[in-house]
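Worksheet for the structure shown next.
We number each residue from 1, following the sequence as shown.
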Amino acid sequence: MATSRHNITLDPEVYEEFCRYAGKKGIKISTWVNQQMKEFIEEEKMIEEFRKKRS
């Protein structure tokens with residue numbers, strides 16, 4: 001799978017706190033963001049399907 005790079009803006013305090021907790025578990029921010037995006041997409045698709053079925 002090919003990957004693409006993107007710059008994101010994060011609150012420095014939130015980023016530092018995330019790194020502190022995620023580092024203990026071996027989680028990288030890119031992996032976490034990617035998973036969150038996949039979950040968001042899945043939820044949005046489910047909402048779209050629900051709306052289509054309702055109409």
Side-chain angles (χ1 to χ4, degrees):
M1 167 177 55
T3 60
S4 62
R5 292 179 177 260
H6 301 278
N7 291 328
I8 61 172
T9 303
L10 303 169
D11 180 322
E13 291 177 17
V14 173
Y15 177 72
E16 288 176 23
E17 192 168 6
F18 176 85
C19 288
R20 188 174 68 232
Y21 290 112
K24 294 176 185 176
K25 297 182 179 195
I27 299 171
K28 294 181 181 179
I29 193 162
S30 59
T31 305
W32 187 83
V33 169
N34 191 56
Q35 184 60 38
Q36 293 298 310
M37 290 176 79
K38 285 179 180 179
E39 289 176 14
F40 175 78
I41 291 167
E42 186 177 307
E43 290 172 3
E44 291 299 311
K45 284 181 178 180
M46 287 178 12
I47 291 169
E48 282 180 351
E49 287 179 27
F50 177 74
R51 287 181 178 157
K52 285 179 185 177
K53 289 179 181 178
R54 269 186 35 190
S55 28

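- For Arg51, the CZ atom sits in a loose shell: 12 or fewer heavy atoms of surrounding residues, nucleotides or ligands are nearer than 6.0 Å.
- By the side-chain contact (heavy atoms from CB on, under 4.5 Å) test, Glu13 pairs with Asp11, sequence neighbours left out.
- The line from CZ of Arg5 to OG of Ser30 is 9.0 Å long, rounded to the nearest 0.5 Å.
- One distance of note links CD1 of Ile29 with OH of Tyr15; it measures 5.5 Å at 0.5 Å rounding.
- Separating the CD1 atom in Ile41 from the NZ atom in Lys45 is a distance of 7.0 Å, to the nearest 0.5 Å.
- Cluster membership check: Val14 does not share its hydrophobic cluster with Ile8, using side-chain heavy-atom separations under 4.5 Å among Ile, Leu, Val, Met, Phe, Trp and Tyr.
- Met37 and Ile47 fall into different hydrophobic clusters, where Ile, Leu, Val, Met, Phe, Trp and Tyr side chains are chained together by heavy-atom contacts under 4.5 Å.
- Looking at heavy atoms from C-beta onward, Asn34 lies out of side-chain contact with Thr3 at the 4.5 angstrom threshold.
- More than 12 heavy-atom neighbours from other residues, nucleotides or ligands sit within 6.0 angstrom of CD on Gln36.
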